[in-house]
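For reference, the structure discussed in these notes is given below.
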Amino acid sequence: MTPDETKRLVARVGRRLSWSGWLASAGGSAVVFMSIGFLIPIFFDPSQRDSIGRENLPIVIALVTILGIGVSWLFRREQKPAIAWLLSGREPTEEEQARTLRLPARAAALDAGSWILAALVMGAVNLHHSVGFAAVVVSAIWLGGETTVALTYLFYERTLRPITALALATRLPARSAALGIRHRLLFAWSLGTGVPIVGVLVVGIVGITKSGVQPEYVGGACVFLGAVATATGLLATLMTARAIADPLTAVQSAVDRLAGGDLDAAVAIDDSSEVGRLQAGFNRMADGLRERERIRDLFGRHVGQDVAAAALIGGTRLGGEEREIGALFIDLTGSTAVAVAMPPTEVVRLLNRFFGVVIDVVEAGGGLVNKFEGDGALCVFGAPAPSDDPAGQALRAARTLAERLDAEVPEVGFGIGVSAGRAVAGNVGSEQRFEYTVIGDPVNEAARLCELAKERSERIVASQAALDRASERESRAWDVGERTVLRGRLDATGLAMPRA
């Protein structure tokens, strides 16, 4: 957030808080003043209502003005050091964070103090009428003040959420600094049910116990208190519901995005209660999934996606199982001369281009580049994922690979050997360090055929065994040639080359 954006945010929040504070105080005072007006005929002759109202109205206006200015000044004095970190463009200290998170509570406390002072002043002003009436005035102001203070807290807490989110961006406080869900619901109950019922009970008790009270005045007072209760209760319930529902809706939306594959999903932590801890918990879960996916991606890049998927699904254990596989071995020719003629960085760049084509072709053909051996690579088909035609896949990949390398990396020579048969595929090593590999005669034969291919113009040599195991469609793309004894073997191997 830029300094100008920060200043605009602080100014906007400050204006909303100021106007809401003044409106809450003025509206609460007006409701209390009118409530007392409905109560006057219960205690005095109805003709005295106007005179008592004229007597108290200037004092009410003066108190609202003086106390409103005082509360606004005190809150700004509290707010300025609490958000100094924000205006200076740095992270808050623990003390600054705590003071920022306590701003709604501090505003409510200041507001409550002003209402208590107003109750004492108005009670003293009306004491000369009677002690009972003064007590009613104090009680009405107390109940009205409780309602106004609660609404002020809820509104301040919501209005300050953008600043709260910035304060919580770096860390969560050790202790909750805001009202939890339970206390917010109790707030809503007290505003919508508790306070109004107390007022109605007082009016009803006075109407029953005081002689000479006309029923229409008691009924009028009850109707007015009920109307006020309905309005304030609805407002408090809506504000409380939004304070709880909005963060939960944001978390639900982020969960849906995460389930849809958006691993960058996150929610702003803008609540320091248990709701904020839920938001932080989701972000930690998303961080863990991103880290897991990153590790999975790195794991797949190192051992191959099929091996990684098999390990994640079925776990890892030493040993293996016998499979029908197709083996393809490819190796560069003249790599020593290339290394002498080119700088090491250029050699690495050339090898990366070469192996990029190898990986692309083999994986597109359903195989696995099992390991890189210097400037060569062993590619396997039929393991770890089984295949109906591993030999045919290996033969087809060899032909495609030769075409792609001739077109895309023409500056290198190569040899490709292909074989097929039964082999053992699994994890070899120890419990501390192992790798997935394929061991068996087809692998050895493919390596020997690769050596032979580097000496021949065709550059691709497959074994007769691979053709015998491949599908008829793929076999027709190859010509069977002579038989020869490969290095390290006793029996002659039938050779096959792609048809021109």
Fill in the blank from the handout: To the nearest 0.5 Å, atom CZ of R15 lies from atom OG1 of T159 at 12.5 Å
Practice task
Can you see which heavy atom on V361 is nearest to which on A397, and at what distance?
Solution key: CG1-O, 3.7 Å
Practice task
Apply side chain to side chain contact (heavy atoms under 4.5 Å, CB included) to the pair L401 and L328, showing each step before the final yes or no.
Solution key: CA-CA 11 Å; L401 190 54; L328 183 155; 4.3 Å; yes
Exercise for the section: Look at E78 together with R102 and state whether they make a salt bridge at an N to O cut-off of under 4.0 Å. Expected result: no
Completion exercise
On a heavy-atom basis, the closest approach of A383 and V380 is O-CG1, 4.0 Å
Practice task
Taking atom CZ of R16 as the centre, report whether more than 12 heavy atoms of other residues, nucleotides or ligands fall under 6.0 Å from it.
Solution key: no
Exercise for the section: Please say which of F329, F355, F354 ends up in a ring-ring contact (aromatic ring centres under 6.0 Å, His included) with F372. Expected result: F355
Handout entry: Main-chain N/O of T249 paired with S253 side-chain donor or acceptor, under 3.5 Å
Key = no
Exercise for the section: With sequence neighbours left out, write down each residue that passes side-chain contact (heavy atoms from CB on, under 4.5 Å) with Q79, or none if nothing qualifies. Expected result: L17, F75, I83, L103
Exercise for the section: Can you measure from CG (D331) to CD1 (I416) and round to the nearest 0.5 angstrom? Expected result: 10.5 Å
Problem - Check: A391 main-chain N/O paired with R469 side-chain donor or acceptor under 3.5 Å - result: no
Completion exercise
Between A327 and P442 the two heavy atoms that sit nearest each other are CB-O, 3.8 Å
Exercise for the section: Quick one: list whatever passes side-chain contact (heavy atoms from CB on, under 4.5 Å) with V255, sequence neighbours left out. Expected result: V251, F282
Handout entry: Contact check, side chains of V362 and L368, non-hydrogen atoms, under 4.5 Å
Key = no
Handout entry: L495 and L452, any side-chain heavy atoms less than 4.5 Å apart
Key = yes
Exercise for the section: With the side chain counted from C-beta on, respond yes when R323 and R422 share a heavy-atom pair under 4.5 Å apart, and no when they do not. Expected result: no
Exercise for the section: To the nearest 0.5 angstrom, please state how far the OG atom of S419 sits from the CZ atom of R448. Expected result: 12.0 Å
Exercise for the section: Flag yes if more than 12 heavy atoms outside N352 fall under 6.0 Å of its CG atom; otherwise flag no. Expected result: yes
Handout entry: Over 12 foreign heavy atoms within 6.0 Å of CD, E482
Key = yes
Fill in the blank from the handout: Between A265 and A254, the two heavy atoms sitting closest are CB-O, 3.6 Å
Practice task
Inspect the contact between E96 and R99 and indicate whether a charged nitrogen and a carboxylate oxygen are less than 4.0 angstrom apart.
Solution key: no
Problem - Side-chain touch L486/N444, heavy atoms, less than 4.5 angstrom - result: no
Exercise for the section: State, to 0.1 Å, how close V418 and L395 come at their nearest heavy-atom pair, and which atoms those are. Expected result: CG1-CD2, 3.7 Å
Exercise for the section: Kindly compute the distance separating CG (D264) from CZ (R257), expressed to the nearest 0.5 Å. Expected result: 8.0 Å
Exercise for the section: For A462 and W478, work out which heavy atoms get closest and say how close. Expected result: CB-CZ3, 3.7 Å
Practice task
Report the residues that fulfil side-chain hydrogen bond (donor to acceptor under 3.5 Å, both in side chains) with R473, sequence neighbours left out, ordered by chain and then residue number.
Solution key: none
Exercise for the section: Hey, could you give me each pair passing side chain to side chain donor-acceptor pair (under 3.5 Å) that has a residue in residues 402-414? Not counting sequence neighbours. Expected result: R353-E411, D360-R404, R404-E408, D406-R459
Problem - Partner set under side-chain hydrogen bond (donor to acceptor under 3.5 Å, both in side chains) for S387, not counting sequence neighbours - result: Q393
Practice task
For residues L9 and L166, determine if any side-chain heavy atom of one lies less than 4.5 Å from a side-chain heavy atom of the other.
Solution key: yes
Problem - Test salt bridge (charged side-chain N to carboxylate O under 4.0 Å, His left out) applied to R487 and E455, E451, E445, the passing residue - result: E451
Handout entry: Neighbour count >12 (heavy atoms, 6.0 Å) for atom CD, E373
Key = yes
Practice task
Could you please spell out the steps behind the salt bridge (Lys or Arg N to Asp or Glu O under 4.0 Å) verdict for R158 and D246?
Solution key: CA-CA 10 Å; R158 180 168 184 81; D246 286 356; 2.8 Å; yes
Handout entry: Validation row: V461, M497 side chains within 4.5 angstrom (heavy atoms)
Key = yes
Handout entry: Partners meeting side-chain contact (heavy atoms from CB on, under 4.5 Å) with T152 (sequence neighbours left out)
Key = A24, D111, T148, Y156
Completion exercise
Between the CG atom in N283 and the CD atom in Q279, the distance rounded to the nearest 0.5 Å is 8.0 Å
Practice task
Rounded to the nearest 0.5 Å, what's the gap from NZ on K7 to CZ on R12? Could you check?
Solution key: 15.5 Å
Exercise for the section: In sequence, state the C-alpha distance, the side-chain angles, and the governing distance for L350 and V409, and then conclude on side chain to side chain contact (heavy atoms under 4.5 Å, CB included). Expected result: CA-CA 8 Å; L350 178 64; V409 198; 3.9 Å; yes
